[in-house]
Amino acid sequence: MPYFETLIRFMISRSIHCMVLVKDNCCRAFRALLGPKDSNRARREAPQTIRALYGTDGRMNAVHGSDTVKEAEWEIKFFFPTVILEPYPSSQDAASYFKEHVQPLLLKGLTALAKAKPASEPNAAVVSL
């Protein structure tokens with residue numbers, strides 16, 4: 001691209017902050033938060049987005065976000081080479097796992113704790129935690 005050298009100079013002119021964000025449909029959700037790539041267009045069409053608020057022009061748009069999961073995986077490996085990319089559970093799967101496995105275990109453990117710590121003191125079981 002003809003603007004590549006200028007873009008690289010801009011990108012290395014200041015410190016950068018790299019993050020890995022994980023969520024269902026993360027690329028789409030984060031790109032909505034970023035706004036259009038052209039900051040001027042972002043100011044017109046999505047004035048509360050990051051690029052509308054902090055970008056300076058069509059190319060110096062303040063932030064980068066991966067367009068696809070495949071692109072995100074490559075970029076994560078580039079910036080964080082030791083990160084292990086594993087599938088993560090969806091919100092629904094995590095809630096289901098919590099309800100089926102964690103809640104019963106907590107209930108069993110807290111019930112046993114309450115029985116072991118008689119209620120002579122109002123918060124004896126909680127204090128012992």
Side-chain angles (χ1 to χ4, degrees):
M1 299 289 176
Y3 60 86
F4 190 71
E5 187 177 334
T6 305
L7 179 62
I8 295 299
R9 277 198 208 123
F10 171 71
M11 290 170 59
I12 64 173
S13 67
R14 293 177 178 63
S15 59
I16 63 169
H17 304 277
C18 298
M19 297 180 279
V20 177
L21 305 175
V22 178
K23 130 181 197 101
D24 291 335
N25 300 312
C26 189
C27 291
R28 186 177 339 135
F30 189 57
R31 295 197 64 73
L33 180 65
L34 298 181
K37 289 181 179 180
D38 182 322
S39 305
N40 297 320
R41 182 174 158 219
R43 281 187 275 284
R44 288 190 308 272
E45 297 175 13
Q48 295 304 310
T49 60
I50 293 172
R51 289 177 173 147
L53 296 169
Y54 301 104
T56 58
D57 65 22
R59 291 194 183 93
M60 309 329 182
N61 62 14
V63 291
H64 169 73
S66 306
D67 287 319
T68 65
V69 171
K70 186 176 180 179
E71 184 180 300
E73 289 172 352
W74 186 90
E75 292 170 350
I76 291 167
K77 286 292 187 188
F78 178 82
F79 286 106
F80 306 99
T82 60
V83 165
I84 297 171
L85 298 173
E86 296 181 17
Y88 69 96
S90 67
S91 303
Q92 185 176 6
D93 289 343
S96 177
Y97 179 85
F98 188 83
K99 185 177 181 179
E100 292 174 25
H101 300 283
V102 178
Q103 282 180 336
L105 183 62
L106 284 174
L107 181 60
K108 183 179 177 182
L110 291 173
T111 301
L113 178 63
K115 288 178 181 177
K117 294 285 185 180
S120 57
E121 292 182 40
N123 297 319
V126 175
V127 170
S128 69
L129 287 175

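What you are looking at is a predicted structure, and each value in this text was computed from that prediction instead of being measured.
Atoms CG and CD, from L110 and Q103 in turn, are 11.5 Å apart once rounded to the nearest 0.5 Å. To the nearest 0.5 Å, atoms CD (E73) and NZ (K77) are separated by 9.0 Å. Rounded to the nearest 0.5 Å, atoms SG (C18) and CD1 (I76) are 10.5 Å apart. Here the straight-line distance linking atom OH of Y54 with atom CG of L34 works out to 13.0 Å at 0.5 Å rounding.
Under the 4.5 Å side-chain criterion, counting only non-hydrogen atoms from C-beta, P36 is in contact with E45. Taking 4.5 Å as the limit, some side-chain heavy atom of L33 sits within range of a side-chain heavy atom of I50. Side-chain contact between H64 and K37 is absent, with no heavy atoms from C-beta onward closer than 4.5 Å. At a threshold of 4.5 Å between non-hydrogen side-chain atoms, the residues Y97 and V102 count as touching.
The two residues T56 and S39 come nearest to each other via the heavy atoms N-OG, 3.7 Å. Closest non-hydrogen pair, C26 versus L21, comes out as SG-O, 3.2 Å. Closest approach of E71 and G65 over heavy atoms only: OE2-O, 4.2 Å.
Between the side chain of R43 and the backbone N or O of A52, at least one donor-acceptor pair lies under 3.5 Å. The main-chain N or O of V63 is found under 3.5 Å from a side-chain atom of R51 such that the two form a donor-acceptor pair.
Put simply, L105 and L107 are part of two different groups of oily side chains (I, L, V, M, F, W, Y) that touch within less than 4.5 Å, one to the next. Tracing side-chain contacts under 4.5 Å through hydrophobic residues (I, L, V, M, F, W, Y), one reaches F79 starting from V22; they form part of the same cluster. Under a hydrophobic-cluster definition in which Ile, Leu, Val, Met, Phe, Trp and Tyr are linked whenever side-chain heavy atoms come within less than 4.5 Å, directly or via other members, F30 and V20 are assigned to different clusters.
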Might you work through the side-chain contact (heavy atoms from CB on, under 4.5 Å) test for M11 and I16, ending with a clear yes or no? CA-CA 8 Å; M11 290 170 59; I16 63 169; 5.7 Å; no

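Checking S96 against E100 by side-chain atom types alone, a donor-acceptor pair falls below 3.5 Å.
At a threshold of 4.0 Å, the pair D67-R28 does not count as salt-bridged, since none of the basic side-chain nitrogens sits closer than that to a carboxylate oxygen.
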